[in-house]
Every structure is written in C-alpha cells, then in structure tokens.
2 protein chains.
Amino acid sequence: MANIKDVAQMAGVSVATVSRVLNHHPYVSEDKKAAVLRAMEQANYNRNINAVHLSKGQTNLIGVVVPFSNHPYFGLLIEGIANEALRQNYKLVLFQTNYETDRELEALAMLKDKQIDALIICSRISPWHLIEEYLSYGPIVVCENTRGTNVSSTFVDHYGSFFQALEYLHSKGYRKIGYCLGREMGANSDLRRTAYQDFLQKYKLAFNPNFVFYNCFNFEDGEHVLNRITEMESPPAALLISSDQVAAGILTCCKVRDMAVPDQLALLGFDNQPIAKIMNITTLEIPLVEIGRKLFAQAIEEGISSQEEIAVKLIERQTV
Amino acid sequence: MANIKDVAQMAGVSVATVSRVLNHHPYVSEDKKAAVLRAMEQANYNRNINAVHLSKGQTNLIGVVVPFSNHPYFGLLIEGIANEALRQNYKLVLFQTNYETDRELEALAMLKDKQIDALIICSRISPWHLIEEYLSYGPIVVCENTRGTNVSSTFVDHYGSFFQALEYLHSKGYRKIGYCLGREMGANSDLRRTAYQDFLQKYKLAFNPNFVFYNCFNFEDGEHVLNRITEMESPPAALLISSDQVAAGILTCCKVRDMAVPDQLALLGFDNQPIAKIMNITTLEIPLVEIGRKLFAQAIEEGISSQEEIAVKLIERQTV
DNA sequence: TCTTGCTCTGAAACGCGTTTCATAAACTAA
DNA sequence: TTAGTTTATGAAACGCGTTTCAGAGCAAGA
C-alpha cells in the first residue's frame with residue numbers, strides 16, 4: 001500500500017506538498033498539484049485515516065447517546081444531528097443505552113480515549129457528577145438546562161411548556177387533568193411533575209395520584225393508559241401526554257371503543273410528530289430536528305460553551 | 001498529557017516494557033509491572049487510542065449497515081451483533097441507511113479508509129458488483145447466500161422457509177393464501193416470490209395479484225393490509241407475513257373488527273419476535289440474535305470466509 | 001559441563017500524515 | 001529602488017504506541 005512518501009517521490013515533490021494537495025491548501029502551484037494528483041492515481045494511493053487521526057488529534061467522530069433509537073422522538077433528534085454531521089463531514093457513533101449505565105459509560109470511555117471528538121447525550125441515566133468527571137476529556141453536550149455551567153446544551157423548558165399546556169387545558173374549561181410521562185425518574189420528569197404540582201396549587205385543584213401515568217413511551221402504551229382510565233369511577237377529562245406517539249395510541253383506542261375525543265377525553269400531545277398531524281392531534285411542537293442540528297453544532301464548537309433554550313409552539317388541532 | 005515515554009522514564013523502564021504492561025504481555029517481572037502501574041497512576045496516563053490504531057492498523061470498530069434500526073427485526077439482529085462485539089472488545093458504528101444508496105456508500109468508504117475493520121451489511125440496496133469492489137479493503141459480511149464466493153455470510157434460506165410455510169398452510173387445508181413482504185425489490189423478496197410461484201404451480205393454484213402485499217414493515221402497516229382484505233369480494237383465507245410485527249398489527253385489527261382468527265383469516269408470521277409470543281401468533285422462528293452473533297464472528301474471523309445457513313423452526317400457536 | 005529453551009528487557013524501526021519553520025522567489029506599494 | 005507582502009516549497013519535528021530483534025540471565029536436561 002502506497003503512502004504519502006511514495007507519492008511525494010513519484011511526483012518529485014516533498015511530502016509537505018502532497019499533504020497540502022490532500023488538504024486543499026491554497027499555496028500549491030498548478031503543475032505540482034497536477035503531478036501529485038497523477039502520482040496518487042498511479043500509485044492507487046489511499047490516505048491512512050488513522051495516521052490523520054493521530055496527527056490531528058481528532059477523529060471526526062461524534063458520539064450520540066440515546067436510550068432508544070427506535071423511538072420517533074429520538075429518531076427525529078438523530079435525524080437533525082445526522083444532517084448537520086453530514087454537512088460538516090463528521091460521522092456518528094450511536095450509543096443506544098436502553099438506560100443501562102454501562103452503555104453510557106462506554107460512550108464516556110470513548111470520549112476519554114479520544115476515539116470520539118465529542119459526545120452528545122440526548123437523555124442520560126448517570127448522575128450529573130459522573131458526567132462532569134468526563135468534561136475534561138472533551139466536549140459533552142446535553143439536552144437539559146445547564147445554565148451556570150460551562151457545558152453546552154440545547155433544551156426545552158419542560159417546566160414552562162408543561163405549565164403552558166396545563167394553562168391551555170384549563171382555559172378550555174378542563175379541571176380534571178391527568179398526565180403521561182416516560183420515565184418516572186429523570187431530570188425532565190422532575191420538572192414536569194413540579195409544573196403539575198404548581199399548576200394544581202395555583203388553581204387550588206386536588207392532586208389525584210390516579211391521574212398520573214408513567215412508562216408511556218410507545219404507541220402501544222396508550223392502550224394501558226386507556227384501560228386504566230376506563231376502569232376509573234371518576235376519570236380525567238383531559239390528558240397531557242409527553243409524546244405524540246402515546247397520544248396516538250390512546251386516540252386509536254378511543255376510536256375503537258367509541259369514546260368521543262375531545263368530549264369524553266381531551267388529548268394534548270407533545271413533539272408534533274408526523275403521526276400527530278395525520279391523526280389531527282393537538283400538540284405542543286418541539287422542533288426536534290432543529291434541536292438535533294444545534295446539538296451537533298455545539299458539539300464541535302470550539303472553546304466556548306453555550307446554552308440554548310428552545311421555544312415550543314402550541315398546534316391546535318382536534319383533540320382538545 | 002503524559003505519553004508512554006513519560007511513563008517509561010518515571011518507572012525507570014523502556015517504552016517496550018510499558019507497552020507490554022498495557023497489553024498484558026506475560027513476560028514482565030512483577031516489580032517492573034508494579035512500577036509501571038504506579039507511574040501510570042501518578043502521571044494520570046491515558047493511552048492515545050489513535051496511536052494504537054495507527055500502529056496496529058486496525059480500529060476495533062465494526063460497521064453495521066441496517067435500513068432501519070428501529071425495526072424489531074434489525075433490532076434483534078443488532079442486539080446479537082452488539083453482544084458479541086462487547087465480548088470481543090469491539091465497538092460498533094451503526095449506519096442506518098433508510099435504503100438510501102449514499103448512506104451505504106458512506107459505510108463502504110469507511111471500510112476503504114480503514115476507519116472500520118469490517119462491515120456487516122444486514123440488508124443492502126446497492127447492487128452486488130458495487131459491494132464487490134470494496135471487498136479488497138476489508139471483510140464484508142452479509143445476510144444472504146454467498147456460496148461460491150469468498151464473502152462470509154449467515155443467512156436464512158428464504159426460498160425454502162417460505163415454501164415450507166406455504167406447505168404448512170396447505171396441509172392445514174388453506175388454498176387461498178396471500179403474503180405480505182417488506183420491500184418489493186431486494187434479494188430476499190425475489191426468493192420469496194419465486195417460492196410462492198413454485199408453490200402455486202405445484203398445487204395448480206391460480207395466481208391472484210390481490211393476494212400480494214408490499215411495504216409491510218411495521219405494526220401499523222397491518223391496518224392497510226386488513227383494509228384491503230375487507231374490501232375484497234374473495235379475500236385470502238390465510239396470510240403468510242414476513243414479519244411478526246405486521247402480523248401483530250393485522251391480528252389487532254382483526255380483534256377490533258371482530259374477525260375470527262384463524263377461522264376467517266389465518267396468520268402465519270416470521271421471526272418469532274417477543275410480540276408473537278405475547279399475542280400467540282403462529283410463526284416461523286428465525287434466531288435473529290444468534291444470527292447477529294455469527295455475523296459478528298464472521299466479520300472478525302481472519303483469513304477464511306464461511307457461509308452459514310440458518311434453519312427456521314415452525315412455532316405452532318393459535319393463528320393458523 | 002554444555003546445550004537448549006525460557007524469561008525478561010531495551011533499542012530501534014515502524015506505521016503515516018500534519019504542521020511549523022526557514023527560505024526563496026515573485027509581486028506590490030511607497 | 002526599497003521595504004513589505006504574498007506565494008510556494010521542502011526539511012524536520014511531531015503525534016505515540018507496537019513490535020521485532022538482539023541479547024542477557026537463568027534453569028532444566030543431556
């Protein structure tokens with residue numbers, strides 16, 4: 001396998017000049033450039049990427065940590081990240097953690113080893129102090145409010161948007177409001193729970209633990225929710241659902257059971273996923289693809305750190 | 001950042017000895033080994049992985065090409081691959097192609113650049129001759145019959161298993177049999193189509209183009225299938241469905257519409273995914289996790305190439 | 001006692017592209 | 001014409017761990 005030295009010799013130039021041609025450096029005369037290109041062609045030259053990595057001290061690989069890559073929420077996020085990665089000539093290494101600590105640690109270890117230039121954590125399971133330990137090895141970008149730290153992030157104000165959603169339902173006359181979340185634990189869930197409590201307090205509404213549904217991730221989880229609701233003597237009149245996917249599942253079940261939406265049960269989703277549009281679900285749009293783009297940009301941004309809060313937008317359709 | 005030289009100096013040994021300690025070479029005396037470990041600790045030494053890659057000429061990274069990582073079929077395959085990768089201390093780079101040629105080419109380019117040691121293609125879109133061009137750069141392992149070539153593969157005899165499934169339905173008395181596939185094009189679809197034609201011929205059954213359903217990938221695609229079937233004057237009595245996921249979707253719809261399974265419509269799935277067990281779907285088990293393991297083993301197996309055919313197993317449950 | 005064969009260690013070569021520094025030539029502005 | 005840029009190019013240093021080769025020391029077997 002020919003290397004840069006061979007090519008240099010064949011073209012009658014120094015390796016530095018070959019390197020310049022390889023990297024499109026402007027200061028190379030046309031004739032030498034042509035000679036180098038010819039030599040590369042002849043020798044069937046292939047740049048040794050590992051030598052480049054060693055020399056540059058970077059790999060153009062960015063790690064992305066997600067709990068599930070199959071979920072539309074993360075799917076859209078990944079899409080945004082991948083778009084930007086392509087544009088900037090980076091590749092992605094995907095870590096699907098299933099919320100297992102070890103998988104997350106693997107990703108952090110790769111950052112430490114400089115096998116990836118930066119790490120984007122879309123949703124974490126590890127405690128924050130553990131993440132912090134790895135900050136010195138390379139940029140880590142997350143999806144939660146990191147204001148006051150030097151960690152970059154792009155995030156949604158989950159407290160504010162949840163509160164906003166509750167206010168909207170309240171303004172529509174709903175008083176018995178329940179909500180569906182994914183994980184019971186986790187930074188975002190905490191924020192939403194707090195928003196809910198504060199909302200109840202504001203309007204002097206009583207807390208009903210039956211109105212809280214956890215482990216709502218996918219379409220099929222909607223059925224479980226509706227099963228519980230139909231068994232209740234005093235069911236909620238509206239549901240705030242942290243994922244359109246689940247909202248769609250609930251809505252589908254409602255149709256099957258001839259439950260009128262929104263009259264018997266109002267549904268307010270989150271994300272504005274494609275399925276929400278198709279099924280006419282009222283939702284709070286979260287521009288996930290755009291968030292993905294920003295996360296990537298932050299991952300490769302040099303020196304500085306930045307925190308960006310993303311606004312959500314209410315999309316009124318027919319389920320509230 | 002300390003390097004191996006610094007550590008060697010601190011420990012009073014040569015870099016070779018430090019390298020031996022790092023790589024658990026047996027011939028290092030206990031005291032020197034201890035000294036090296038102490039020095040590494042003190043210097044907060046971190047091995048530069050890119051230097052290792054350059055030196056070894058490999059990266060311990062294996063590329064995995066799938067069309068969708070969110071589909072249970074590929075999810076299980078990936079699980080098997082990932083298990084084995086973990087065991088053998090390799091990392092995976094996942095390429096989700098969405099069946100776009102460019103994404104597949106990206107993966108092949110990384111193989112060419114030796115940024116990955118091998119490539120596992122779970123389902124391809126590129127023509128075979130294009131894949132072949134990259135064989136000289138590193139091992140490529142695929143999921144289709146490559147007997148007679150020097151390409152390693154682990155595959156299911158799709159012709160045989162489809163035929164077997166059709167025979168089973170026939171033996172149960174079904175004559176009007178339809179089938180659902182994913183892609184219309186693709187090596188596996190061709191095989192299955194041929195099996196179907198041959199089956200019809202064998203039993204002198206007429207071909208009905210309405211009994212063929214394409215683009216059946218996910219749970220929700222089951223609804224489309226059933227919609228078409230309910231509109232037919234002369235619907236199929238049994239369906240052979242190339243994914244349990246779709247079979248589950250169809251079965252769910254049947255329940256909603258009070259259609260008796262298998263009396264009004266028999267369903268025979270493929271894969272034996274978890275959902276098939278839960279929903280009691282008769283299916284042909286494909287040991288996807290096991291196939292994943294084998295694919296990975298083949299990817300890192302030195303020198304030789306091997307082709308392994310995997311047997312499927314009929315699991316009789318309650319939908320036929 | 002002499003081989004033979006381990007065990008242990010270090011020097012040096014190797015993998016290979018990037019980048020800095022020095023230098024020379026060519027050009028521009030004063 | 002002189003000073004100051006800009007363009008162009010090569011030598012050499014740099015990033016850093018692995019591996020081969022040679023040799024020393026020591027023990028077991030002949």
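Nothing here was measured: the structure is a model prediction, and the numbers come from that model. Computed from heavy atoms alone, side chains included, the values below leave out hydrogens, waters and symmetry copies. The chains referred to below are lettered A, B, ... by the order of the sequence lines, with proteins before strands, and numbering in each begins at 1.
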Does a sphere of radius 6.0 Å around CD in A:Gln307 hold more than 12 heavy atoms from other residues, nucleotides or ligands, not counting ones at 6.0 Å or beyond? yes
Can you measure A:His24 atom NE2 to C:dT18 atom C1' for me and round it to whole angstrom units? 15 Å
Between protein and nucleotides 12-15 of chain D, what N or O pairs are separated by less than 3.5 Å?
none

Could you list the donor-acceptor pairs under 3.5 angstrom formed between side-chain atoms of residues 116-135 of chain B and any protein atom two or more places apart in sequence or on another chain?
from     : atom 1 : to       : atom 2 : distance (Å)
B:Asp117 : OD1    : B:Thr59  : N      : 2.8
B:Asp117 : OD1    : B:Thr59  : OG1    : 3.3
B:Asp117 : OD2    : B:Thr59  : N      : 3.3
B:Asp117 : OD2    : B:Asn60  : N      : 2.7
B:Ser123 : OG     : B:Tyr99  : OH     : 2.6
B:Ser123 : OG     : B:Arg183 : NH2    : 3.4
B:Arg124 : NE     : B:Glu144 : OE2    : 2.8
B:Arg124 : NH1    : B:Ser126 : O      : 2.8
B:Arg124 : NH2    : B:Glu144 : OE1    : 2.9
B:Ser126 : OG     : B:Glu104 : OE2    : 2.7

Which comes earlier along DNA chain C counting from the 5' end, the contact point of A:Asn23 or that of B:Ser29, where each point is its nearest nucleotide? B:Ser29
Under the side chain to side chain contact (heavy atoms under 4.5 Å, CB included) test, which residues partner B:Glu106, sequence neighbours left out? A:Leu86, A:Lys91, B:Arg103
Any A:Asn50 side-chain N or O less than 4.0 Å from OP1/OP2 of C:dC16: no
Could you tell me how far apart A:Asp113 (CG) and D:dG17 (C1') are, to the nearest whole angstrom? 13 Å
Rounding to a whole Å, what distance do you find between B:Leu22:CG and D:dC16:P? 14 Å
Can you say whether a donor on the side chain of B:Arg20 sits under 3.5 Å from an acceptor on the base of D:dG17, or the other way round? no
What contact category does A:Val18 fall into here, base, sugar-phosphate, or nothing, at under 4.0 angstrom with non-hydrogen atoms? nothing
Spacing between A:His53 atom NE2 and D:dC16 atom P, to the nearest angstrom: 16 Å
Partners meeting side chain to side chain donor-acceptor pair (under 3.5 Å) with A:Glu100 (sequence neighbours left out): none
Contacts of type side chain to side chain contact (heavy atoms under 4.5 Å, CB included), residue A:Ile78, not counting sequence neighbours: A:Val66, A:Ser69, A:Leu94
How many Å lie between CD on A:Gln9 and C1' on D:dA11, as a whole number? 15 Å
Rounded off to whole Å, could you give me the OH-to-P distance for the A:Tyr27 and C:dC21 pair? 17 Å
Determine all donor-acceptor pairs shorter than 3.5 Å in which one atom belongs to a side chain in residues 30-41 of chain B; sequence neighbours excluded.
from    : atom 1 : to      : atom 2 : distance (Å)
B:Asp31 : OD1    : B:Ser29 : OG     : 2.8

Do any side-chain nitrogens or oxygens of B:Thr17 fall under 4.0 Å of OP1 or OP2 in C:dG10? yes
